[in-house]
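Convention: sequence-line order gives letters A, B, ...; per-chain numbering from 1.
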Amino acid sequence: MTKYRTHNCSELTSKNNGEIVILSGWMHKKRDHGNLLFIDLRDNYGTTQCILEKNNSFFKELEKMQLETVIKVTGVVSKRTKETINKELKTGEIEIKINSFEILGACKELPLPVFSDQEYSEEIRLKYRFLDLRRKKIHSNILLRSKVISFIREEMIKSGFVEFQTPILTSSSPEGARDFIVPSRLNPGKFYALPQAPQQFKQLIMVSGFDKYFQIAPCFRDEDARADRSPGEFYQLDIEMSFVEQEDVFKVVEKLLSKVFKKFSNKKFLNEKFPKISFKEAMLKYGTDKPDLRNPLEINDVTSIFKRDDVTFQIFNKLVKSGSIVRAIVTKSTKNKPRSFFDNLDKWAKSEGTSGLAYFTLEKNKDFEATGPVGKFFSSEALKEIMKITGAEVGDSIFFSCDKESNVLQFMSSARDKIAGELNLIDQNTYAFCWIIDYPMYETDKITGKIKFSHNPFSMPQGEEKNLDFKNPLTINAYQYDIVCNGVELSSGAIRNHKPKLMYKLFEIAGYKKSDVEEKFKGMINALSFGAPPHGGIAPGIDRIIMLLAGEKNIREVTLFPMNQNAQDLMMNAPSEISENQLKELSLSIKKK
RNA sequence: GGGGGUGUAGCUCAGUUGGUUAGAGCGAUCGCCUGUCACGCGAUAGGUCGCGGGUUCGAGUCCCGUCACUCCCGCCA
């Protein structure tokens, strides 16, 4: 009990009948019957119906009160008659007969109603985030976030992990995302960077002998936003372990995520044990390294078909000759789908900037036949071969895309989602986790044609050092892995390279001289030279986990105070200009455009 | 940096082929109403149709430009 309340707005029941109570909260909703006024009083915990009659001296004032005014109400708990009980409400057995009230916080006319399930523009929601956050759905999302984080913390500690904080002001790193930069007053002309992740620190913690580390770590990357990617900051469950191999990390994370998703959701798992898919296989079957495994459609390579003489689909044949590839998606039993189904997919494909989505449907009369716009170009023998490769059967349809490899992969990946969506093949009530493993250490830069790190340069290459084929770096895989759930990349991690000599060699392949590496990663390399344990870790994205648990498609729905797409905080007016004096202290001047 | 979508009352939206005075619901204000829980009924106020330019006898509607929000591509080791 405080000055403001004896109970919260969700705890009173018929057991409290007759008690004099004090409640405080927001005036959620009024129902004014002229001589009888109902007020729903809301706080963090729930709502309670309060009531007063015309003869009450406060009637006029409360009747006119702006919704969302914060009031303190004193009154008597009164059992409702049977007919007037509200079963939807936890406190629906009772109501408060108001004796007196007090305004604690007045409220102006609202720019957006709190009591409503309607959707509002992001702009107004973000500007008045404190009002938006009073609304039921997002309010409970944020509470869920808090609960999930506490649970994760408990579980990690139970498993012997130790939580540490790492610096927020650190140094800019040359690899990876664009850094947020902070000027240094004491070191004119020099800058801090906000950490993109505590990557080097967590490795240093291992070198320092702490064995098992975790942190709910803020990470900052100055990159453009997406629905599942806030500009500015996001949170990772940062984990690092000493004396482990890949499988040891998998065990810890798989157990944790299973527990979290089972505790906070009723959705079922597609696979109890997370399947492991190599990067190569994922790119072939799904066209992406973050496949949605709820989607049963798979992609097949059918390039060889278009090298046959009995296939006369000249456009594809020619493209294949000049190095393009063809990938296909089979849809089961779509023979009787209306023409519009196929036409709409083709239209969609064109809107994606491709030349369209070729298709036919397999039929059988005397022999195998293909019906549809391009069916006539395929001989019966060729169709048999296609069926062999793709597993397609009579009555199924096959969709084709032909282009340069990277274009086909990307397009077929979205075509897979699109087609499955049209056919309603995705079970929304399921979580489909998987590990993506065996990432290549290097890739060829599309623009420069040079070899570069494809992911984290600190990852350990797979295999014995002496057996590594440094002359063919594209053949080297790394102990690098991702967790994907329902097509959302949840985390990536790696076994780290803790051997400085090997590291120099790997950097050299990517075009870094020894002196470059020493300059850029001095602290790290130095530390690894003084007895570093083998170690590895991972960093699941907290925001995306909550998103999946809350069933939201947008990360702002699980973030208290997010920025908009242009990385502005409309409520706090950030970023903003700073004074001449501040600039001067920082030895900065602004270049006028 | 590029592409798509959206922008009309405080909020959510409708607005036909370019044609008279731009509408509805919620909210606000006023009035009526003693059992509602999306209370009901009646009335009133509320608009630079994002902004600028153009075409036209006439533009919310068509064209050009621009701004804002959003989704996507690039980017995100």
Relative to the ring of A:Tyr512, is the ring of A:Phe507 parallel (under 30°), tilted (30 to 60°) or perpendicular (over 60°)?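 The arrangement is perpendicular - the two ring planes meet at more than 60°.
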
Rounding to an integer number of Å, can you tell me how far [X] [atom1] sits from [N] [atom2]?
| X | N | atom1 | atom2 | value |
| --- | --- | --- | --- | --- |
| A:Gln410 | B:rC72 | CD | C1' | 10 Å |
| A:Met65 | B:rG27 | CE | P | 18 Å |
| A:Lys108 | B:rG10 | NZ | C1' | 13 Å |
| A:Gln565 | B:rG5 | CD | P | 16 Å |
| A:Met27 | B:rG27 | CE | P | 14 Å |
| A:Gln118 | B:rC26 | CD | C1' | 7 Å |
| A:Ile124 | B:rG7 | CD1 | C1' | 13 Å |
| A:Arg31 | B:rA38 | CZ | C1' | 9 Å |

Pairing partner (Watson-Crick or G-U wobble, both distances under 3.5 angstrom) of [N]:
| N | result |
| --- | --- |
| B:rC33 | none |
| B:rU56 | none |
| B:rC76 | none |
| B:rC13 | B:rG23 |
| B:rG18 | none |

Under 4.0 Å between any heavy atoms, over every strand shown, what does [X] touch: base, sugar-phosphate, or nothing? Just pick one.
| X | value |
| --- | --- |
| A:Gln49 | base |
| A:Arg125 | nothing |
| A:Ser121 | sugar-phosphate |
| A:Ser116 | nothing |
| A:Phe115 | sugar-phosphate |
| A:Asp117 | nothing |
| A:Asn554 | sugar-phosphate |
| A:Glu88 | nothing |
| A:Phe38 | base |
| A:Pro111 | sugar-phosphate |
| A:Asn566 | sugar-phosphate |
| A:Lys54 | nothing |

Does [N] have OP1 or OP2 sitting under 4.0 Å from an N or O in the side chain of [X]?
| X | N | value |
| --- | --- | --- |
| A:Lys350 | B:rG4 | no |
| A:Lys87 | B:rC37 | no |
| A:Arg226 | B:rU70 | no |
| A:Asn86 | B:rU36 | no |

For a ring-ring contact (aromatic ring centres under 6.0 Å, His included) check, start with the C-alpha distance between A:Phe411 and A:Trp348, then their side-chain angles and the critical distance, and finish with the verdict. CA-CA 11 Å; A:Phe411 170 67; A:Trp348 166 82; 5.5 Å; yes

Nucleotide nearest [X] (side chain, heavy atoms from C-beta), chosen from [options]:
| X | options | value |
| --- | --- | --- |
| A:Tyr120 | B:rU12, B:rG31, B:rG35 | B:rU12 |
| A:Arg80 | B:rC37, B:rC76, B:rU70 | B:rC37 |
| A:Glu122 | B:rC69, B:rA28, B:rC33 | B:rC69 |
| A:Glu109 | B:rC71, B:rA28, B:rC76 | B:rA28 |
| A:Leu36 | B:rG74, B:rG35, B:rC69 | B:rG35 |

Say we look at [N] and [M]: how far apart would their [atom1] atoms be, to the nearest angstrom?
| N | M | atom1 | value |
| --- | --- | --- | --- |
| B:rG25 | B:rA14 | P | 16 Å |
| B:rU70 | B:rU61 | C1' | 23 Å |
| B:rU55 | B:rU6 | P | 26 Å |
| B:rU16 | B:rA22 | C1' | 14 Å |
| B:rG53 | B:rG58 | P | 16 Å |
| B:rG50 | B:rC13 | P | 14 Å |
| B:rC33 | B:rC41 | C1' | 8 Å |
| B:rG18 | B:rG54 | C1' | 15 Å |

Any donor-acceptor N or O pair under 3.5 Å, side chains [X], [Y]:
| X | Y | answer |
| --- | --- | --- |
| A:Gln565 | A:Arg556 | no |
| A:Gln236 | A:Ser491 | no |
| A:Asp289 | A:Tyr439 | yes |

Can you see whether A:Tyr504 has A:Lys514 sitting over its ring - NZ or CZ less than 6.0 Å from the centre and within 45° of the normal?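 Yes, A:Lys514 lies over the aromatic ring of A:Tyr504.
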
Any carboxylate oxygen within less than 4.0 angstrom of a Lys/Arg side-chain nitrogen, looking at [X] and [Y]?
| X | Y | answer |
| --- | --- | --- |
| A:Lys127 | A:Glu123 | no |
| A:Lys108 | A:Glu68 | no |
| A:Lys79 | A:Glu95 | no |
| A:Arg544 | A:Asp228 | yes |

5' precedence on RNA chain B between A:Asp40 and A:Gln568 (nearest-nucleotide basis):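 Per heavy-atom nearest nucleotide, the more 5' residue is A:Asp40.
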
Using heavy atoms to find the nearest nucleotide of RNA chain B for A:Phe453 and A:Glu53 separately, return the residue whose nucleotide is more 5′.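 Its nearest nucleotide being more 5', the pick is A:Glu53.
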
Please answer whether the main-chain N or O of A:Ser14 pairs with a side-chain N or O of A:Glu93 as donor and acceptor at a distance below 3.5 Å.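 Pair found, side chain donor or acceptor close to backbone of A:Ser14.
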
Does NZ belonging to A:Lys30 count more than 12 external heavy atoms closer than 6.0 Å?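 Buried by this count: over 12 neighbours within 6.0 Å.
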
Return the residues of residues 482-507 of chain A meeting this criterion: a heavy atom under 4.0 Å from some atom of RNA chain B. Order them by number, or give none.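 Going residue by residue through residues 482-507 of chain A, none turns out to have a heavy atom under 4.0 Å of RNA chain B.
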
Does the base of B:rG35 carry an N or O that pairs as donor and acceptor with the side chain of A:Glu95 under 3.5 Å?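 In this structure, the two groups form a donor-acceptor pair.
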
Going by 5.5 Å between centroids and 30° between planes, is there a stack of A:His33 over B:rC33?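 Here the ring of A:His33 and the base of B:rC33 are not stacked, as the 5.5 Å and 30° limits are not both satisfied.
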
